[in-house]
Structure formats: structure tokens, C-alpha cells
Amino acid sequence: SRLTPLTPAVPPPAGRMRLLSLVPAAVLLCHPAEPKKLFNRPKIYPFREAEITFRPKIPDWVGWETASGELPRNARDKVAEDPESPTLSPSPPSSTGGESAWFADQFEDGEAQVADCDSHKSCEEVLVKEMEALQFPSDCQARGKRYLFIEFEGSEGVGSTVAMIAQGLAEGFHSNRTTIFGPVMPTMMGLNFMGGKEEGFDTDHPCGKKAVSALDCYLKPITKCKLDDVLVPRRRAEYREFLHNVYDDRGAFKVMEGRRGSPALFTAPKRYRHLKEPHLWWLRVVLSYVFRLKDDKLRDMVTLRENLRLTSPSVGIHIRHGDLNLKFEYGDKAGQRAYMNRPYFEAEDYFTVVRDAIENGLIKEIPKSIYVASDGSQVKETLKTERHNPFWEYDDAAEDKDEDDDDDENFFGLKTRFIHLDRYRNRHGAHTSATLMALPHSAHLELSEISARERSLNFRRMLKESIEDIWLLSQCQYFFGTGSSHFSAIATYLRRDGETYGPPAKAVFLDQQGLVSGEYCPGLFHGTINGTSKLIHPEQRHQIMHRRFLDRLHVVDDLKPGNLFFFDTKRGVYTVPTHTFDQEASRWADPRRSRMWEWGQTDNAVVNNPKRLLERLVHLVNDGATLDNFWSYGAALTGWRHALELLERVDAGDLELDATDEMMDQFQDVVRGNIGVHNSRFAKPYVALLKDPKARVYLSGNK
């Protein structure tokens, strides 16, 4: 079970194709010097040659558009057509032909103990206490304490950043790990972007001296434990072992994975599933734990709500424009090109849907207030038009009614009060890494001329206004927005029934049809997990998200509809079937049941058979290349490291392998190259902490 020390990559001989991406590595093993002898056996990979070409970084997952505009065809494509396909293994590809035989019999799932509570409110109190015990332990440096490092995927907006924190907390809870921030921080958490005395502010610590992120200005910390607690001398050996594979779930430390965290956020622990709508309840409690406002900020929010007269029954609308409607010389729809997996609706579309909901009885009475959150440029004009729509009734008793006062944003003469606050929007509208990449060079030059102080002022304003909008939207009884937006998803799933603490009225998503079909990515599932591209076959997005959740290759039953992720229109939420989730998540908290064993050990019967050992090595290397594409990085690296161990035993004369010296060189080159690329890509920020515990990486693309 022990990992071997890190092995430096060996430079390839001149003229040999070196692994630049991990996909060509699989190709390399499929075109050996003696193909008939080694790699043309039908039980290995007869489809590899057709699946992958030498074009760099061709996606290795089903459903993605390749450079040629065609979908890659392979055995997994044919599962629905040919369920008896002989190229599919009936079980995960382990050395035993099934799950880890040495653990399967001993650690079968038992009945989960039901939590000692019987209502949403009482269970929330129990769950929060459990979270507090895990996140605020008496000794953060205790031996045996297991940690999960939150890993951020890119320079994202506020909604995406909060979503990833919630994903980490959910994976950590299901894994019985304390979740803390790692060394990689996104822009929205960058204290350096808040500015200090150098930029003319009163202090260098605007969020307090103990703050670890800009969010600490508004939100309570999710834990008291920090990286310093991990790097203490008595845990140094465990930390060094963690560096061999930062995604191995058997160790004391692990980096979070969005492919696990998102499903974990949408699936309640077993012991709370006796509640009504347990998964929506769990989702809200986790988001609420992340979005706990500091006491003074909560008082400010309550005062703001009262001053705005946001009274019940109330409707919240989040109009997702911003970077979906960029303005520059390349055209007004560049943001929509950058986010092909996100819908764009005109501002008036949202109000049309609200009026329809009132007429159809979804909203039982005319709302007293409608809060509109958006930084979109259309909103003011649309509100002015909407206030004069005959649908909205005048209050004859209103003293401040003035039909001609178009400057009055809220038009007090109406029974319904429309509320909208001016929000910061930069000249081009970009606020995430994806849309910044869509900006032309002239826009980047223009942005670079903004002074450091003005940048900090803009950053502070944007952060404050985003927190305000999420909270105000979460106070509304009804919600209208787009379910593909992280921001909208957080706001609507934070809502609760005021009396029972249960799920509130179902949100109305304008993009529901696309969420059902798979055309659009659901909010709270990060783009690198579900794909930011437009799929030729939208329904395959659900398959992609399901497949990436697994720590194994796929089997025939995986593609049955009852096993796949889907959007539940009745509940208005993306759904992970509990049996699909449990087959993986039930292993996370117990290192003895980890699927990593399947990739890191080989039966003696295989090891001592030269031909079967060759097949095992080919599986470990080629399957690792498949798994390393936004899938199970931990399984991929575990398999490669195990392959290297076996190859070193062959070199030492301890094992025999049905391979030529030339093929041994090829194996060594590919395996070492894969390990080197993987460690450079994922472990580098954590290795740096050994030299400098204060080292941090800020993803500053959108500063």
C-alpha cells in the first residue's frame, strides 16, 4: 500500500516522440516495433487505433467535438446499440477481474444509522454540529486527522468561487475529512486585490489580520485549520507521501475534485435521507454553511432589505447577462461564444415568465416586491417599460403615486414594487477567465491602464454587491433565473421555507429545457467537469458527468437511464441517483475500500505470467491516459506508478515480461513521462510549500 518515492523523468532519446499530452502516450503503446507479437491481441485495445490520432490533445471522452468536427468512435460509443459488446469488461479492470477481492467481502455497505432528528429544522441543528466538529476540531495538528484541500479550477466569478468551496465542503463531509484552503486561490479570494496602504487605503488588512481570503470580509470562516497545521514536523512524512499522488484517497491528505464535489453537494448523507426532500435540504444546509455572513454584515443586510422594502410575497430575478453580453469591436455576442454551454435571454424574457407564472397560479398572489439582480446593461430600460405594463395593478391608496415620474425606479404607484440597484460592470463586461480570453488585444491594453487603486476599488465594490445580491435573492419566496448559472443556483438553493426549514417554492429556470436535454451545464457543476463546449449530442453531457464521477472505467450498466445524472423538472434540481452516488462515495471515508487498490496492486497469478503481465501493463498505461482527461487523476497516476514498479522489477530480473528491449524502453519512456507531466501539473504548488509554507498561487487572470 506504500507509494514509492518520486522518480525524475528521463529525457527521451533524440527523435523519439515524447509525451506532451497524455493521450499520445496511449497511441505510442499501440504502434510498437513488433505489433503482431505484442499489441494486436483482440482482448487488449482493438479500438485504440481508430479512437486516437496523433493530433495533440484530442479529447478521449465520448461526446466531445474533435478538431475535425467528428465525434470519436470507440467501443464505449456502441454500448447502447450493442450491450453484448465483447470489448467492454463486465467489471472494473482490476488485476482480479472485478472489484478489489481482498476488500470486497469484508467491507460491504451496512444499513446507515438514521440521524437522531425528525424534522428539517432539528436535523439542520444536528448536521451543523457535525460540520462544526469536523471543521473546528480541538487539535488541527492531531495525528490521524484527514484533510481535503480545496482546489480552484480557474479565475472565476463570485458564484463559481462559492460553488467550489461548497463542493469541497461536501466532498470533505462525505469523506470524513476536514476541508481547508490549499495553496491555489482564485481571484475572488485574493486579498492582494483588495489593496492596502500602498494603494492609499487605511490598512493592509481590510478583512482582518487573520483573514485568508477576500471573502473573509463578509463570510465567517469555514474552518479554523490552515495549511500551517498540515506542515508541522510530526506530519511531514505523511505530507511527503501525499506529494506522490495528491488525488489518492487512501492518504491523510487529498486534493478535492470537482467531479466528486458536485455530486456530493447534491446528495444527502444516508443518515439524513429519512427527511422529505433530503437532497434539496442538504444542498441548502451546505451552501448556508459556506455563506454564513459575519454578524455585522448580516445586520447591514437586514437593514438594506428593510430600506428597500423587500416585503413578502416577493420575487427574486437574476438576469444572467454580464460576461454573456460583452461589448467590443469583435461583436456584442462574444460572451455567448465563450460560454457556448450557457443560454442568453433578453431582460424582457424574464418578466414575461414571471407574468405567466402569476397567471397560471404558480405564484398565488400578485407579489408586493420584485428584486432584480443584474449587471446587465438592458435592465434599466426593461424595468421602465415593465412598470408601465397594464398587467401590473395600481394601488389607489398610494400617496406617492405619480404615473409620469419615469425617474422613480420603483414607481411607488404600483401594488408591486420593482427594486433594482446599480451594479458595477466594467466597460467590456468580462469578469471570468473564459471571457477575458475572448477579449481582443485592444481591450486588454485598455484594462491594463487602470490604476491599482481603481482596480482595488472596483474589486471591493464588485465583491460587496455580489454578496448583497445573493443574500437578497435568497430572501425571496419565488425565484426566476437560469439554472445553468452558479450565481442563480446558489441564490435559489439558499432559500428555505420560513416555518419548516424545508425546501421553498420551486425555482423557475428559463433554461430548464436545455438543462433537461443536456444542452446546458447545470449550475454548481464546474465547467471543467461537465464541459464548456456545445455538444453535438446534448444528451451525452449527462453521460460525461456520470462517467467522470467514477474511479473506474465504464461497464455496460452505467449507460442505463436509471443510473445516469439528470435534471428533475418536478423538483427543479439536477439529480444524482443515490445508488450511483453510493457505489463510489461509500468508499471515500474508508481507505481499505478505495478503488485505488485496483490500480495499485496486481495478483501474483498475473505478475508471474509474462503474457498476462504485459496485458496488465498495457491496461494500466492506456487506461491511465483515458482517466487523466478530467476524470480520475488519482487512479491514473496510481496505475502509472504501479506500472513503473512492475517495470523496475522486470529490469531487476525479479519478473519476466513478454517484451523486447525496445518495448521496455518505450514503456519506461511513456510511464515516466506521464508521471512527470502529472506531478508538474498537479503537485507543484504543494511541493513549493515544503520550501516556503507561505507560498500561494493566485489565479489572477481577471484581476
Side-chain angles (χ1 to χ4, degrees), residues 61-63 74-93 98-99 104 108-112 170-171 174 258-283 483-484 503 506 509 512-525 529-531 535 537-588 593 595 630-632:
W61 51 85
V62 179
N74 57 39
R76 298 183 189 89
D77 284 296
K78 302 175 184 177
V79 174
E81 313 166 38
D82 182 14
E84 302 301 324
S85 172
T87 58
L88 279 173
S89 171
S91 57
E99 293 186 352
E108 293 295 331
D109 288 338
E111 291 296 323
E171 181 186 344
H174 279 286
R259 68 183 187 89
R260 285 186 173 188
S262 293
L265 184 57
F266 281 80
T267 312
K270 288 183 178 181
R271 58 196 307 259
Y272 291 102
R273 293 180 192 170
H274 63 288
L275 294 172
K276 181 181 179 181
E277 299 284 10
H279 308 300
L280 272 172
W281 168 83
W282 156 258
L283 173 59
S484 55
K506 187 185 80 169
F509 295 135
Q512 175 173 292
Q513 183 176 350
L515 294 170
V516 173
S517 69
E519 181 180 1
Y520 303 135
C521 301
L524 305 181
F525 280 79
I529 307 306
N530 58 37
L535 299 183
H537 302 288
E539 70 280 0
Q540 291 182 337
R541 194 179 306 278
H542 305 302
Q543 299 174 16
I544 293 169
M545 296 168 67
H546 173 208
R547 287 171 167 179
R548 291 182 181 176
F549 172 65
L550 306 174
D551 280 309
R552 57 169 175 77
L553 295 184
H554 314 129
V555 297
V556 174
D557 286 347
D558 286 337
L559 295 186
K560 290 182 178 179
N563 297 329
L564 293 174
F565 298 2
F566 66 98
F567 186 84
D568 188 337
T569 57
K570 292 183 178 180
R571 299 164 61 228
V573 65
Y574 202 70
T575 300
V576 179
T578 53
H579 62 277
T580 295
F581 181 80
D582 291 342
Q583 68 169 300
E584 296 296 322
S586 61
R587 301 170 177 273
W588 298 349
R593 300 191 62 216
R595 288 201 189 274
F630 299 113
W631 198 341
S632 180

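Predicted model only: the values in this text are computed from it and were never measured.
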### Message
Please identify which of these residues, F567, W282, F525, meets the ring pair (Phe, Tyr, Trp, His ring centres under 6.0 Å) condition with F266.
### Response
F525
### Query
Which residues pass the salt bridge (Lys or Arg N to Asp or Glu O under 4.0 Å) test with R571, sequence neighbours left out?
E277, D568
## Note on the structure
K276 meets the salt bridge (Lys or Arg N to Asp or Glu O under 4.0 Å) criterion, sequence neighbours left out, with none
### Query
Does R548 use its side chain to pair, donor to acceptor, with the backbone of W631 at less than 3.5 Å?
no
### Task
Give a yes or no on whether the backbone of A268 and the side-chain of H279 come within a donor-acceptor separation of less than 3.5 Å.
yes
Taking all non-hydrogen atoms of both residues, which atom of [X] and which atom of [Y] are closest, and how far apart?
X	Y	value
G572	K506	N-CD, 3.6 Å
L524	S262	O-OG, 2.9 Å
H542	V516	NE2-O, 3.0 Å
S632	L550	CB-O, 4.0 Å
P278	R273	CB-CA, 3.8 Å
T575	V573	OG1-O, 3.2 Å

With rounding to the nearest 0.5 Å, note down the distance linking [atom1] in [X] to [atom2] in [Y].
X	Y	atom1	atom2	answer
L265	L283	CG	CG	5.0 Å
Q583	T578	CD	OG1	11.0 Å
Y574	C521	OH	SG	9.0 Å
R595	R593	CZ	CZ	8.5 Å
L559	R547	CG	CZ	5.0 Å

### Query
Is the number of heavy atoms from other residues, nucleotides or ligands under 6.0 Å of E539 CD greater than 12?
yes
### Query
Taking it one step at a time, do R260 and E584 satisfy salt bridge (charged side-chain N to carboxylate O under 4.0 Å, His left out)?
CA-CA 9 Å; R260 285 186 173 188; E584 296 296 322; 5.9 Å; no
### Query
Who passes side chain to side chain contact (heavy atoms under 4.5 Å, CB included) against P577, sequence neighbours left out?
F565, F566, H579, T580
### Task
Taking the side chain as every heavy atom from C-beta outward, state whether R541 and L515 have any atom pair closer than 4.5 Å.
no
